[in-house]
Structure formats: C-alpha cells, structure tokens
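Heavy-atom basis, side chains included; hydrogens, waters and symmetry copies ignored.
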Amino acid sequence: METPSSLPIEVAERLSRDPAGLIAAVVQQYDTKEVLMLAWMNDEALRLTLTTGRATYFSRSRDRLWVKGETSGNTQHVKSVALDCDGDAVLVLVDQVGPACHTGTDTCFTGRELSVVGTS
C-alpha cells in the first residue's frame, strides 16, 4: 500500500533506521564512481529523491529537508538509488553539476586525506 506522501510499504519495511529515523546516503558520481559525499535521509527525503529525481537529504544541523543545490546551484540529478543489504544505507548515483561540497571542493573528501601508519 502506498499514499502520495509516503514511501511504498515494500521500501519502508526494508529500512533499518537509526534512533533519529535516518539512514546514511553515500553519494557517487554515476559515470566515474567517485564518492562525492555522505548525507542523511529520512523516509520523506528518500521518497522525494525517488519521485522527483532530485537528491533530497535531511540536515541534522538544521533539522529539515534540503534539496542539493537549492541555494548553491550545485545540483545532483539522480540516476539510481540502491539499498544496502542491512537496509541502513543507500547508494545514490548522481550526475553532479558543480562542486559537491559546500566548501567548494569537488567532493567532501577532496584535500582531507588522513595519514595511515604502515602504508607505503
């Protein structure tokens, strides 16, 4: 059963949400497979992402939904969404327009590498 404002029941039942009702969203560029960012989704963000094709997330700091690029213009056009085996994360393949990170870098990981002891 499904209503216009809710996830299809077959999707909702597969989700394993954290105590705040969220799942992780790993976001990748669809053609290069570069990991762009990690964000959070609640049921409504996932529903909107699936039904509009625009990446929609839940901001924990602002306690509200946000559509990627709504203020920056750096949009994400969703190509596919896959649920992981545990139901606590989704992989969102997007076509990123502009930088993915709010700091202006291409990804949220660019220039933030940590050193690992014992690697060559």
Next item on the list: Tell me, please, which residues at least two apart from Arg62 pass salt bridge (Lys or Arg N to Asp or Glu O under 4.0 Å).
Entry: none

Notebook entry, point to check: What pair of heavy atoms forms the shortest contact from Thr75 to His77, and how long is it?
Noted result: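 Looks like OG1-NE2, 3.2 Å.
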
Pairs touching [range] that satisfy salt bridge (Lys or Arg N to Asp or Glu O under 4.0 Å), sequence neighbours left out:
range          : value
residues 78-94 : none
residues 64-73 : Arg64-Glu70
residues 14-29 : Arg17-Asp43

Margin query: Suppose the criterion is ring pair (Phe, Tyr, Trp, His ring centres under 6.0 Å): which pairs have a residue in residues 49-76, not counting sequence neighbours?
Written below: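 Every pair satisfying ring pair (Phe, Tyr, Trp, His ring centres under 6.0 Å) with a residue in residues 49-76: Tyr57-Trp66.
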
Next item on the list: Sorted by first residue and then second, give each ring pair (Phe, Tyr, Trp, His ring centres under 6.0 Å) pair with at least one member in residues 19-39; sequence neighbours left out.
Entry: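 Of all non-adjacent pairs touching residues 19-39, none passes ring pair (Phe, Tyr, Trp, His ring centres under 6.0 Å).
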
Next item on the list: Going by the side-chain contact (heavy atoms from CB on, under 4.5 Å) test, name the single residue among Thr56, Leu15, Leu46 that passes it with Met41.
Entry: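 Of Thr56, Leu15, Leu46, side-chain contact (heavy atoms from CB on, under 4.5 Å) with Met41 is met by Leu46 alone.
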
Check the hydrophobic clustering (I, L, V, M, F, W, Y; side-chain heavy atoms under 4.5 Å; chains of links allowed) and say if [X] and [Y] are grouped together.
X     : Y     : result
Leu36 : Leu91 : no
Val67 : Leu48 : no
Val90 : Leu38 : no

Next item on the list: Would you please name every residue forming a ring pair (Phe, Tyr, Trp, His ring centres under 6.0 Å) with Trp40, sequence neighbours left out?
Entry: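 So Trp40 forms no ring pair (Phe, Tyr, Trp, His ring centres under 6.0 Å) with any residue.
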
Margin query: Would you compute the distance between atom CZ of Arg60 and atom CG of Asn42 and round it to the nearest 0.5 angstrom?
Written below: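 Interatomic distance, Arg60 CZ to Asn42 CG, rounded to 0.5 Å: 12.5 Å.
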
Item checked: Test side chain to side chain contact (heavy atoms under 4.5 Å, CB included) applied to Val78 - qualifying residues, sequence neighbours left out -> Thr49, Ala55, Val81, Val92, Val94

Next item on the list: Could you name each residue pair satisfying side chain to side chain donor-acceptor pair (under 3.5 Å) that touches residues 90-105, not counting sequence neighbours?
Entry: Gln29-Asp95, Gln76-Gln96, Thr103-Thr105, Thr103-Arg112, Thr105-Arg112

Check: Checking side chain to side chain contact (heavy atoms under 4.5 Å, CB included) for the pair Leu83/Val11: CA distance, chi angles, key distance, verdict?
Finding: CA-CA 9 Å; Leu83 186 60; Val11 174; 5.7 Å; no

